[in-house]
Amino acid sequence: DYMNGNGGNGNNTQGGGSEPGGETTTVGDLKPGDGEEVTILDETTEVEDGLENKVVIPGGFGIASDSGTNVEDGIVIEDEDGNQFVWIPVSVLDEETGEKTPIHTSTGDIIIDYTRIDFGERYGSYSDYSEAMPTDEIESVNANGGYYIGRYEAGDGSSTEFRTAETGVDGTVVIKKNQIPYNWISRANAKTKAEGMDTAQSYTTATTKLVSSYAWDTALDFIQKANSDSEHSNYATSSPEGNYSGDLIRTGQTTAVSNIYDMGGNLWEYTTESYSPMRYPCVPRGGSYHYYYDGPAGSRNDELAGASIC
């Protein structure tokens, strides 16, 4: 799931970002200590991470107890029911300087654009894949300097056993650890489920939707650049942290990268991107648990999603 970290009208309502005396509230200030509960904020609040990067927390969410305190480590927010999302910072144009705002990391500043990227891991020609920039997304990103992506693959909160073709699509979508992944669903139904999550959870300051190719690729670009000095610097093209064991597993059982799980492996994940040959119009991303489909996080597939499930 993708989530705009702002009000439903695309505008950021700030409140509570500065303490009396002008001191800036940080992610660390809001992160619960041992044994403490998550503090759910009433209003959308702008704070800073430990390296002075802007982070916008929608009202109705709080900083998770296992969140990072710098964006490169993954700033995790959660709602009252424990659904979790991770902040992806984006460089936006500073109207005063005419330059893009850098994202500060422990190894230096990086620029993150909100864009689609061809990582070279795909079936067919990249020119056959397409998606127009979603207006609501770019407006939200420019207003907030980032967006949120689900920390885990979408789970079926109503299932206790792995789903089959006969399970149906009436289950509740959750973004939590140790859930049954929400498979055996068409992209049309997945899109409806994702777009309805904000209403189902009574979000009033954030909107949810199925992830776009822009949100997916930008998240991967951020992960790679923010971890340029580690084994995750080529995460889009090599994602050994994912599950390629041959067996589907519950959400959040692998190794997180910038606090995000399973962008590579476990399940191919639908996006709103399209593939031009109408036989395969849907575009799943990121590989699956099948050992013979060892697609990394940046991979695009045009052959798994037939027209009948789009």
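More than 12 heavy atoms of other residues, nucleotides or ligands shown are found within 6.0 angstrom of CD on Glu36.
Heavy atoms only, all atoms of each residue included: Arg187 and Cys282 are closest at NE-SG, 3.4 Å. Smallest separation of non-hydrogen atoms from Thr69 and Gly28: CG2-CA, 4.1 Å. When every heavy atom of Ala236 is checked against every heavy atom of Phe119, the shortest pair comes out as CB-CD2, 3.4 Å. The heavy-atom pair separating Val173 from Ala154 by the smallest distance is CG1-CB, 4.2 Å. The two residues Phe61 and Ala206 make their nearest non-hydrogen contact at CE1-CB, 4.5 Å. Nearest heavy atoms, Leu267 versus Asn183: CD1-CB, 3.8 Å.
Phe162 and Tyr289 fall within the same hydrophobic cluster, defined by Ile, Leu, Val, Met, Phe, Trp and Tyr side-chain heavy atoms under 4.5 Å apart, directly or through other members. Side-chain heavy atoms closer than 4.5 Å link hydrophobic residues (I, L, V, M, F, W, Y) into clusters, and following such links, even through other members, never connects Tyr261 to Ile249.
For the atom pair OG1 (Thr255) and CD1 (Ile260), the distance works out to 14.0 Å, reported to the nearest 0.5 Å. Between Leu30 atom CG and Ile40 atom CD1 the span is 11.0 Å, to the nearest 0.5 Å. Remark: Asn83 CG to Gln179 CD distance equals 8.5 Å, nearest 0.5 Å. Distance check: Arg163 CZ to Asp156 CG gives 4.5 Å after rounding to the nearest 0.5 Å.
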- Before giving the answer on side-chain contact (heavy atoms from CB on, under 4.5 Å), spell out for Gln201 and Asp81 the whole-Å C-alpha distance, their side-chain angles and the decisive distance to 0.1 Å. CA-CA 8 Å; Gln201 293 293 331; Asp81 290 333; 2.7 Å; yes

- Message: Using the rule given for ring-ring contact (aromatic ring centres under 6.0 Å, His included), can you reason through Tyr114 versus Tyr147, listing the C-alpha separation, both sets of side-chain angles and the distance that settles it, and then say yes or no?
- Response: CA-CA 10 Å; Tyr114 197 67; Tyr147 63 98; 5.3 Å; yes

- Going through the checks in order, is the side chain to side chain donor-acceptor pair (under 3.5 Å) test met by Thr254 and Asn243? CA-CA 7 Å; Thr254 55; Asn243 170 37; over 6 Å; no

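Side-chain atoms of Asp198 and Thr207 include no donor-acceptor pair closer than 3.5 Å. With 3.5 Å as the limit, one finds a donor-acceptor pair spanning the side chains of Ser213 and Arg116. For the residue pair Glu153 and Asn266, a side-chain donor N or O sits within less than 3.5 Å of a side-chain acceptor on the partner. Judged purely by distance below 3.5 Å, without hydrogens or angles, the side chains of Thr25 and Glu48 never pair a donor atom with an acceptor atom. A side-chain donor-acceptor contact under 3.5 Å links Ser212 and Glu137. In this structure, a donor-acceptor pair under 3.5 Å is present between the side chains of Glu241 and His232. Using modelled atom types, one finds a donor on one side chain and an acceptor on the other under 3.5 Å when comparing Asn259 with Arg151. A side-chain donor from one of Thr26 and Asp29 sits under 3.5 Å from a side-chain acceptor of the other. For the residue pair Thr115/Asp113, the side-chain donor-acceptor check at 3.5 Å is not satisfied. Judged purely by distance below 3.5 Å, without hydrogens or angles, the side chains of Thr272 and Glu131 pair a donor atom with an acceptor atom. Gln84 and Tyr152 share a side-chain donor-acceptor pair at under 3.5 Å.
No donor-acceptor pair under 3.5 Å is formed between the side chain of Glu166 and the backbone N or O of Thr164. Judged purely by atom type and a 3.5 angstrom limit, Tyr270 uses its side chain to pair as donor or acceptor with the backbone of Ile185. Using a distance-only test at 3.5 Å, with no hydrogens or angles considered, no donor-acceptor pair links the side chain of Thr101 to the main chain of Ser91. Arg250 contributes a side-chain N or O that, together with a main-chain N or O of Asn178, makes up a donor-acceptor pair within less than 3.5 Å. Arg285 places no side-chain N or O within donor-acceptor distance of the main-chain N or O of Ala297, the cut-off being under 3.5 Å. Judged purely by atom type and a 3.5 angstrom limit, Tyr129 has no side-chain atom pairing as donor or acceptor with the backbone of Glu273. A donor-acceptor pair under 3.5 Å links the side-chain atoms of Trp87 to the main chain of Lys54, judged by distance alone. Side-chain N or O atoms of Thr218 include one that pairs as donor or acceptor with a backbone N or O of Tyr214 at under 3.5 Å. Looking at Ser233, its side chain never comes within 3.5 Å of a backbone N or O of Glu231 through a donor-acceptor pair.
Note on Asp66 versus Lys31: no salt bridge recorded, every NZ/NE/NH1/NH2 to OD/OE distance being 4.0 Å or above. One finds no salt bridge joining Lys100 and Asp109 here, because no Lys/Arg side-chain nitrogen approaches an Asp/Glu carboxylate oxygen to under 4.0 Å.
Results of the side-chain hydrogen bond (donor to acceptor under 3.5 Å, both in side chains) test with Arg300 over Asp217, Asp128, Asp118 single out Asp217 as the only residue that passes.
Ser258 is linked by a side chain to side chain donor-acceptor pair (under 3.5 Å) to Asn227, counting only residues two or more places apart in sequence or in another chain.
The aromatic rings of Phe85 and Tyr203 stand perpendicular to each other, their planes meeting at an angle above 60°, with 30° marking the opposite boundary.
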